[in-house]
Amino acid sequence: MNKIRIAFHTLGCKLNYSETSFISHTFDSQKFEEVNFREPADIFIINTCTVTAVAEKKCRNAARMIKKNNPKSKVVFMGCYSELKSNEIAKIEEVDLIIGSSNKNNLPSLIESMLNESDQDKVQIDLESKNIFFTSWSQGERTRSFLKIQDGCDYYCSYCAVPYARGNSRSDSILNVLQNIHQIIDKGIKEIVLTGVNIGDFGRKSDESLYKLLCEVNQISTLKRLRISSIEPNLLTDEIIELVATSKNIMPHFHIPLQSAHPRILKEMKRRYSLDLFTQKVQKIKSLMPDACIAIDVICGFPGETEEDFKKSYLYLKNTDLTYLHVFTYSIRQNTVAESLVNHVNETEKKRRSVMLHELSEIKKREFYEKYQNAKFDVLFESDVLNNTISGFTPNYIRVKIPYNKDVINKIVSIKLKQIEEDGVYLGEL
């Protein structure tokens, strides 16, 4: 019997990537064969994103392109976009099955039912599953694994639809996370990235905490590298920063969602911290770890953001010791508080501000990189080959490449940073 060819495609965050990778390994290998998303397949799974209207459009376009190239295939949508707008997606004739964000772990059985029951409902959303936490970690890369430790969010920021799609905050246990970490290490993976929707909230409802988890992870001598994904400024405690500063395996790399550098806009966004608190966190990190990488998320064009507001935000970002920016253009999300706000910024102006922030990010990243010319760092090399080179990251997340050398793949090697190439990557020397 020929195996059913199945392909996966992920849009959005690293949490989505983690879940897709984990779920893909739960299919019966006797029945299913996983193939590249660009190859012909019988079933295409799209793990969707709803952060912006652009992300949703990419999902719809992907479905139409699949059916154009593979008319007899089945297209399955799962994830946040599916959860929030299943009725809208159900009208898309190219989509055959719709699964929510929280019942992804039931995907294999739902696929089996779709193949065996021609009259199955197109929409398979389990609202109760939003109260359940299911473990996942990415398994496709030899070097790095994204490990999900938390899901959902209780914050309900005024611009964000993710809590409606993912449900309330819930976490794994420290014990189970540690067991997962040991399983990942046993596979030869050198670096683990802790991920979730709001990982700083880890353990809050079970008398555990992210700090307690990190203290335990810090004792695992066989784990070479750990990175913490996006963490809210108010949940990035001083004790976490101090632990990272003294740790041998937790990397000096912080991703902090600031979202706006204007106090009034922060309040309108219903963020749970002040700009002063964010500034204190940056100063604390840099005082203990001068070489630390600090990446931030920032949204431009939020309703009511005037030109003067934007200029003040821009100057703050320019003058603050940040490494680079993840820039998002505000997009109206249905049923959020921000949707009903007045004075929405027009699309042309939002695009102009986005371009300015992207350019600022490139300048800051270049300045950060230039400080380390001729310095030596330990680099963990990945297996991907581009133009006969391989690359990896320093502890503080500087990308470094060297001529292809299979002997250093998935190894941590001391490298001298020689020069920044046109692609923005450091050329290193053994």
Over all atoms of both residues, closest heavy-atom pair of I199 and L194: CD1-O, 3.9 Å
Note, S73 side chain near I66 side chain (heavy atom, < 4.5 Å): yes
Side chain E208, main chain I174, donor-acceptor under 3.5 Å: yes
Separation between CD1 of I231 and CG of N198, rounded to the nearest 0.5 Å: 8.0 Å
Side-chain donor-acceptor pair present, N396, T394, cut-off under 3.5 Å: yes
side-chain contact (heavy atoms from CB on, under 4.5 Å) partners of H182, counting only residues at least two apart: I220
Side chain proximity check, I23 to I45, heavy atoms < 4.5 angstrom: no
Presence of salt bridge, R227 and E191, under 4.0 angstrom: yes
With I363 via side-chain contact (heavy atoms from CB on, under 4.5 Å) - residues at least two apart: E367
Between S136 and S18, a side-chain donor and acceptor under 3.5 Å: yes
L107 side chain reached by F27 side chain, heavy atoms, under 4.5 Å: yes
CA sep, side-chain torsions, deciding dist, call: D154, S169, side chain to side chain donor-acceptor pair (under 3.5 Å): CA-CA 6 Å; D154 294 341; S169 179; 4.7 Å; no
Flag if over 12 foreign heavy atoms under 6.0 Å of NZ, K122: yes
Intermediate values then yes/no, salt bridge (charged side-chain N to carboxylate O under 4.0 Å, His left out), R353 and E305: CA-CA 11 Å; R353 295 175 187 179; E305 183 188 61; 2.8 Å; yes
ring-ring contact (aromatic ring centres under 6.0 Å, His included) partners of F133, counting only residues at least two apart: none
S145 and Q139: CA distance, side-chain angles, deciding distance, side chain to side chain donor-acceptor pair (under 3.5 Å) verdict: CA-CA 6 Å; S145 177; Q139 305 177 54; over 6 Å; no
Set of salt bridge (Lys or Arg N to Asp or Glu O under 4.0 Å) partners for K74, sequence neighbours left out: none
Donor + acceptor pair across side chains of N47, T20 (<3.5 Å): yes
Inter-residue atom distance I111.CD1 - S113.OG, 0.5 Å rounding: 9.0 Å
Rounded distance [0.5 Å steps], CD in Q179 versus OG1 in T135: 9.5 Å
Separation between CD1 of I192 and CD1 of I250, rounded to the nearest 0.5 Å: 11.5 Å
side-chain contact (heavy atoms from CB on, under 4.5 Å) between F377 and L417, worked out: CA-CA 8 Å; F377 281 99; L417 309 190; 3.7 Å; yes
Derivation of the side chain to side chain donor-acceptor pair (under 3.5 Å) call for K351 and N346: CA-CA 9 Å; K351 184 176 180 179; N346 68 64; over 6 Å; no
side-chain contact (heavy atoms from CB on, under 4.5 Å) partner of V298, the single match among L357, L360, L258: L357
Within 6.0 angstrom of K318 NZ, more than 12 heavy atoms from elsewhere: no
Listing, residues 422-430 side-chain donor-acceptor contacts under 3.5 Å, not counting sequence neighbours, or none:
unit_1: D423; atom_1: OD1; unit_2: V425; atom_2: N; d: 3.1
unit_1: D423; atom_1: OD2; unit_2: K401; atom_2: NZ; d: 2.9
unit_1: Y426; atom_1: OH; unit_2: Y369; atom_2: O; d: 2.8
unit_1: Y426; atom_1: OH; unit_2: Q373; atom_2: N; d: 3.0

Any side-chain donor near an acceptor of the partner, Y156 and N168, under 3.5 Å: yes
Considering all heavy atoms, the nearest T320-K364 contact: O-NZ, 2.9 Å
Lys/Arg-Asp/Glu bridge criterion (N-O < 4.0 Å) met for D201, R170: no
Salt-bridge present (R333, E56; N to O < 4.0 Å): yes
Results of ring-ring contact (aromatic ring centres under 6.0 Å, His included) for Y316 - residues two or more places apart only: none
Parallel, tilted or perpendicular: rings of Y81 and F77 (30°, 60°): tilted
Pair Y273 and F278, ring centroids less than 6.0 Å apart: no
Heavy atoms from other residues, nucleotides or ligands near NZ of K284 exceed 12 (cutoff 6.0 Å): yes
Result of checking R272, R204, R271 against E232 for salt bridge (charged side-chain N to carboxylate O under 4.0 Å, His left out): R271
Salt bridge (charged side-chain N to carboxylate O under 4.0 Å, His left out) partners of residues 34-46, not counting sequence neighbours, each pair once: R5-E39
Pairing residues for Y155 by the ring-ring contact (aromatic ring centres under 6.0 Å, His included) criterion, not counting sequence neighbours: none
Side-chain donor-acceptor pair present, T10, N16, cut-off under 3.5 Å: no
Those residues that, when tested against H253, pass ring-ring contact (aromatic ring centres under 6.0 Å, His included) (two or more places apart): Y397
Aromatic centroids of F8 and F44 separated by under 6.0 Å: no
Distance (rounded to the nearest 0.5 Å) between I296 CD1 and L325 CG: 5.0 Å
Residues in side-chain contact (heavy atoms from CB on, under 4.5 Å) contact with N374, at least two apart in sequence or another chain: K416, K418
Atom CG of D28 with >12 non-hydrogen neighbours under 6.0 angstrom: yes
Atom pair CD/CG of Q280 and L275 - distance to nearest 0.5 Å: 10.0 Å
For D378, side-chain contact (heavy atoms from CB on, under 4.5 Å) partners two or more places apart: R225, I412, S414
Electrostatic pair E382-K190, nearest N-O below 4.0 angstrom: no
Ionic contact status for E83 with R166, cut-off 4.0 Å: no
Partners passing salt bridge (Lys or Arg N to Asp or Glu O under 4.0 Å) against E112 (at least two apart in sequence or in another chain): K31
Quiz item: cation-pi between K365 and Y324, 6.0 Å / 45°: yes
Neighbour count >12 (heavy atoms, 6.0 Å) for atom NZ, K286: yes
Ring geometry between F146 and Y17 (parallel below 30°, tilted from 30 to 60°, perpendicular above 60°): perpendicular
Carboxylate-amine/guanidinium contact R366 E370, below 4.0 Å: yes
